[in-house]
Amino acid sequence: MAQRLVLLYVTVKYCAVKQSDSQMTISSTSNFMTEPVLEFSPTVKPENRNVKESDVLARLLMRIERPYYKSNIHNTRAIESFIKQINAGIPNPDSRLSFRHIVNKYGYECERHEVLTKDGYLLTMFRIPGDGPPVFLMHGLLGSADDFILAGPDSALAYLLSREKYDVWLGNARGNKYCRRHNFLNTSEALFWNFSWHEIGIYDLPAMIDYVLGTTNRTTLIFIGYSQGSTSFFVMASEKPEYNRKISLMIALSPATFMTRVRTPIIRLLALGTSLLYEMSGNVGLYEFQPSRKLEKMLRLLICGKGKVSQIICSNFIFLIAGVNPLQLNVSNLPVIFSHFPSGASMKQLTHYAQGLLYEDFKKFDHGSMENLERYGEIVPPSYTLENVVTPISLFCSESDWLSDAKDVEILSYKLKNMVDIYRVPNDGFTHADFIIANDVKTLVYARLLKVLTRF
């Protein structure tokens, strides 16, 4: 259904409607950086041109940067080793286990907690109890608490923090596989999915933070957000500034706020027609983002190519959204990653990110001029007041991050009053997904993170 909406929108916008006679250069569908470009005139009508779906998507995606591995695939022994490991078919029993069973398997205690938000969503949290101060972990887009155990017992952040005696709490946002319950709504209703990461920041985070502080009898906690986990934090700290006092330190791993240089294909697709596509999806009952196999296949061919490595590692939406770097990918972990991701999200969450690409600012959701006027008192949605964020902030970014570009993270840093650290991962190919699954995430990211924690 998702790809039908995209293609319908594209047909209307780029084929049926006459535009200027100027030629528009697009990238080839097979290899964006090395193949010759194609010339396409938007004045050509559909009946006069055999418009292929892959051509349409290529036109939309424009020059999406190739994944790091495509520029190294012909000159690295690591790729050969990668293929050998794939051919070996290494099994991983963790792919069949739940969060609690995986954590218990590796010798850690695990508790399950539930909290009710002010607007009626029932959220599930997990806890790996410890004697130290509470640390709250919040997952990324389409993810869950599972994000923080995917790297395995030696490297995953939840385990590392537990070994350092922190009291580890892992949150889940409304709409993911752990949080599909509501006091009076069910998942088949449009109202259940009428939220973006704004509501996660306004309702979910405050409810979970208050619950953690009340349960532990503490006044403050440490907040670590990955991707959307950081986005929702900055919403909360901007819109509910009283919560700044409850956070002793916030660490943002690949924070997705300013989206001016986003390279994630699905976000760029949505950005070209956010209002139309969002309205169309609602009209046909598509409220939850559920990537279809056909859409995945088309994006996989465009972004990853046709090689065996490409097809395997791009066969899950985590890599189509976050980019992929097989030089940092543990093949034996692929079954675990694929069984725990994606975990669910609303169409509105992705649409809100896409709007950020259009506005080049960190703004509230654009409902259209009339509803904006009713909600905000102005036609254009207002920007979040990042000046309200006074919590000590440490930012982590990387060069090959499709969703949270390092330069966009720099823009965020200029807006914050209490920056204590900004760290750029010293690895050119480090992607958005690598912050939770990379082979060397422990040394490249978490060693620095733990060092920052010792200062607070």
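Values in this document were obtained by computation on a predicted structure and should not be read as measured data.
Between I200 and M138 there is a side-chain heavy-atom pair separated by less than 4.5 Å. Within the 4.5 Å cutoff, the side chain of T257 has no heavy atoms near those of the K415 side chain. Contact of the R127 side chain with the T215 side chain is registered, since non-hydrogen atoms from C-beta on lie closer than 4.5 Å. No side-chain heavy atom of S398 sits less than 4.5 Å from a side-chain heavy atom of D434. Side-chain atoms of I209 and M236, non-hydrogen and from C-beta on, do get closer than 4.5 Å to each other. The shortest distance between side-chain heavy atoms of L449 and L160 does not fall below 4.5 Å. No side-chain heavy atom of M259 sits under 4.5 Å from any side-chain heavy atom of Q355. Residues F258 and D405 fail the side-chain proximity criterion, which asks for heavy atoms closer than 4.5 Å.
Taking the six-membered ring for Trp and thresholds of 30 and 60 degrees, Y353 and W197 have ring planes inclined between 30 and 60 degrees apart. Ring geometry for F126 against F99 counts as parallel: the plane angle stays under 30°, on a 0 to 90° scale with 60° as the upper cut. Ring-plane geometry between H352 and Y384 is classed as tilted, the angle between the planes lying from 30 to 60 degrees on a 0 to 90 degree scale. Between F223 and F233, the ring planes are tilted. Angles from 30° to 60° get that label.
A salt bridge links E410 with R424: the closest approach of a Lys/Arg side-chain nitrogen to an acidic carboxylate oxygen falls below 4.0 angstrom. A salt bridge between D119 and R174 is present, with a side-chain N of the basic residue lying under 4.0 Å from a carboxylate O of the acidic one.
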Let's go through D204 and F195 carefully: what are the C-alpha distance in whole Å and the side-chain angles of both, what is the deciding distance for side-chain contact (heavy atoms from CB on, under 4.5 Å) to 0.1 Å, and is it a yes or a no? CA-CA 11 Å; D204 295 7; F195 62 83; over 6 Å; no
CA sep, side-chain torsions, deciding dist, call: S383, D361, side chain to side chain donor-acceptor pair (under 3.5 Å): CA-CA 7 Å; S383 301; D361 197 359; 2.5 Å; yes
side-chain contact (heavy atoms from CB on, under 4.5 Å), that's the test. Do D210 and K246 meet it? Break it down for me. CA-CA 9 Å; D210 287 342; K246 300 182 180 184; 2.8 Å; yes
side-chain contact (heavy atoms from CB on, under 4.5 Å) evaluation trace for C397 with K407: CA-CA 9 Å; C397 60; K407 291 182 180 178; over 6 Å; no
What verdict does the ring-ring contact (aromatic ring centres under 6.0 Å, His included) test give for H432 and Y226, after you've listed the backbone C-alpha separation in whole Å, the side-chain angles of each residue and the deciding distance to 0.1 Å? CA-CA 9 Å; H432 193 76; Y226 163 61; 5.2 Å; yes
Could you go through D366 and Y359, starting from their C-alpha distance and side-chain angles, then the distance that decides it, and tell me whether this counts as side-chain contact (heavy atoms from CB on, under 4.5 Å)? CA-CA 10 Å; D366 187 350; Y359 281 111; 2.4 Å; yes
ring-ring contact (aromatic ring centres under 6.0 Å, His included) assessment of Y159 paired with F148: CA-CA 8 Å; Y159 301 130; F148 300 104; over 10 Å; no
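Put simply, the side chain of N244 gets close to the backbone of V390: a donor and an acceptor are under 3.5 Å apart. When atom types are taken as modelled, the side chain of N172 and the backbone of S144 share no donor-acceptor pair closer than 3.5 angstrom. Put simply, the side chain of S232 gets close to the backbone of Q228: a donor and an acceptor are under 3.5 Å apart. No donor-acceptor pair under 3.5 Å is formed between the side chain of T124 and the backbone N or O of C179. H139 places a side-chain N or O within donor-acceptor distance of the main-chain N or O of A173, the cut-off being under 3.5 Å. One N or O on the side chain of S404 and one on the backbone of P255 form a donor-acceptor pair closer than 3.5 Å.
Across Y446, F396, F430, a single residue satisfies ring-ring contact (aromatic ring centres under 6.0 Å, His included) together with F435, and that is F430.
Remark: the S254 side chain and the D401 side chain contain an N/O donor-acceptor pair separated by less than 3.5 Å. Side-chain contact annotation: N388 with Y243, donor-acceptor N/O pair under 3.5 Å absent.
In this structure, D131 places its CG atom where only 12 or fewer heavy-atom neighbours from other residues, nucleotides or ligands lie under 6.0 Å away. Other residues, nucleotides and ligands place more than 12 heavy atoms under 6.0 Å from the OH atom of Y423. Counted within 6.0 Å of NZ on K363, heavy atoms from surrounding residues, nucleotides or ligands total more than 12; the atom is thus considered enclosed. Under a cut-off of 6.0 angstrom, the local environment of CD1 in I379 is sparse, with at most 12 non-hydrogen atoms contributed by other residues, nucleotides or ligands.
Distance OG/S155 to CD1/I149: 13.5 Å, rounded to 0.5 Å. Summarising the geometry, atom CD belonging to E371 is positioned 10.0 Å from atom OG belonging to S369; distances are rounded to the nearest 0.5 Å.
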